Amino acid sequence: MTHNSSRPAPIHIVGAGGLGREVLDALFAAGRRPGNLVLVDDHVTATEIHEVPVLRPEDTDGGLFVVAVADPAVRRRLAQRMLDRGLAPTAVVHPRATLAHDVQIPAGCLVLANAFVSTRARLAAHTQVQYNATIGHDSVLHEFVTVLPGANVAGNVVLEDDVTIGSNACVLQGLVVGARTFVGAGAVVTKSHPADRVLVGVPAR
Ligand SMILES: CC(C)(COP(=O)(O)OP(=O)(O)OC[C@H]1O[C@@H](n2cnc3c(N)ncnc32)[C@H](O)[C@@H]1OP(=O)(O)O)[C@@H](O)C(=O)NCCC(=O)NCCS
């Protein structure tokens, strides 16, 4: 690592699209300054965004990272790429997100503005709770789950690995959503579902 050890390690936001800029905004709101941040993207042609440099993954040189990509499979792949380059995952929580006093946010997670995570909810590494989304008490989100803006996950729900809950969808209390299942925008999940489904509508099917 070449960064100056007297300063906090730079945070690399992997993905310089819309979600990447939202993560940048969360970090600015938390008091981070552009000099301590890096965007990482294979495709974006800009060399800087909001005064934050944009690097290719192969040009990164240590520090911390969070992946700002909603798709769980892509997020997994990019996280592994950063780990392989020796970067360490870190969590980003917008200062205006609300977390119950007993909630821990593990490395790689992203919690955006006005999200609410209730008591004894458990988030695994690299989960995302995007803005205005809510996670009910005692619910468990496994690795790389994505909860998109405004979605409502009730209490005692289990979302297995790589599940996505679309904008403004609801998952009713006590249900299990199987790994990699995608719940479409606005759907209401009224029963448990197995892995690898795409569910839409009310009730979701
Ligand atoms: C469910 C979803 C993944 C399906 O995507 P897709 O496979 O590309 O589906 P298509 O857009 O081809 O639509 C297929 C059919 O499903 C319907 N459909 C798509 N999404 C739907 C939804 N959320 N609720 C109800 N019906 C839906 C379409 O109208 C279409 O119906 P038709 O065959 O009668 O015309 C997607 O529409 C969705 O809801 N994604 C979540 C988006 C979101 O939350 N974005 C937030 C970004 S911040």
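Only this structure's heavy atoms are used, side chains among them; waters, hydrogens and symmetry mates stay out. Atoms within a ligand are numbered from 1 in the order they appear, just like the ligands themselves. Since this is a predicted model, take the numbers as computed values, not measurements. We count residues from 1, following the sequence as given.
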With side-chain contact (heavy atoms from CB on, under 4.5 Å) as the test, pick out the partner of Ser192 among Val157, Leu175, Val171. Leu175
Answer yes or no for atom 6 (P) of ligand 1: protein heavy atom present at a distance under 4.0 Å? no
Under the 4.0 Å line, does any protein heavy atom show up next to atom 14 (C) of ligand 1? no
Measure the distance from atom 3 (C) of ligand 1 to every protein heavy atom, then report the residue, atom name and distance (to 0.1 Å) of the closest one. Phe182 CE2, 3.6 Å
Numbered atoms and elements of ligand 1 in range of Gly166, under 4.0 angstrom, heavy atoms: 44 (O)
Donor-acceptor under 3.5 Å (Arg85 side chain, Glu58 main chain): yes
Under 30°, 30 to 60°, or over 60°: which ring-plane class applies to His50 and Phe28, parallel, tilted or perpendicular? perpendicular
Nearest protein heavy atom to atom 19 (C) of ligand 1: under 4.0 Å? no
Indicate yes or no: does an N/O atom of Ser167 lie under 3.5 Å from an N/O atom of ligand 1? yes
What protein heavy atom is closest to atom 4 (C) of ligand 1, reported as residue, atom name and distance in Å? Val198 CG1, 4.6 Å
Which ligand 1 atoms, with their elements, are less than 4.0 angstrom from a heavy-atom of Ala185? 22 (C), 23 (N), 24 (N), 38 (C), 39 (O), 41 (C), 44 (O)
Short question: side chain of Asn168, backbone of Ala185 - any donor-acceptor pair under 3.5 Å? no
Compute the minimum heavy-atom distance from Pro149 to ligand 1 and say whether it is under 4.0 Å. yes
protein heavy-atom neighbour closest to atom 1 (C) of ligand 1 works out as Val200 CG1, 3.5 Å
So, is Leu148 polar-close to ligand 1, with some N/O to N/O distance under 3.5 Å? no
Not counting sequence neighbours, list each pair that qualifies as a salt bridge (charged side-chain N to carboxylate O under 4.0 Å, His left out) and has a residue in residues 176-200. Arg180-Asp196
Has the side chain of His12 got a donor or acceptor atom that lies under 3.5 Å from a matching backbone atom of Leu64? yes
Provide the closest heavy-atom pair for Val183 versus Ala187 in the form atom of the first, atom of the second, distance. CG1-CB, 3.7 Å
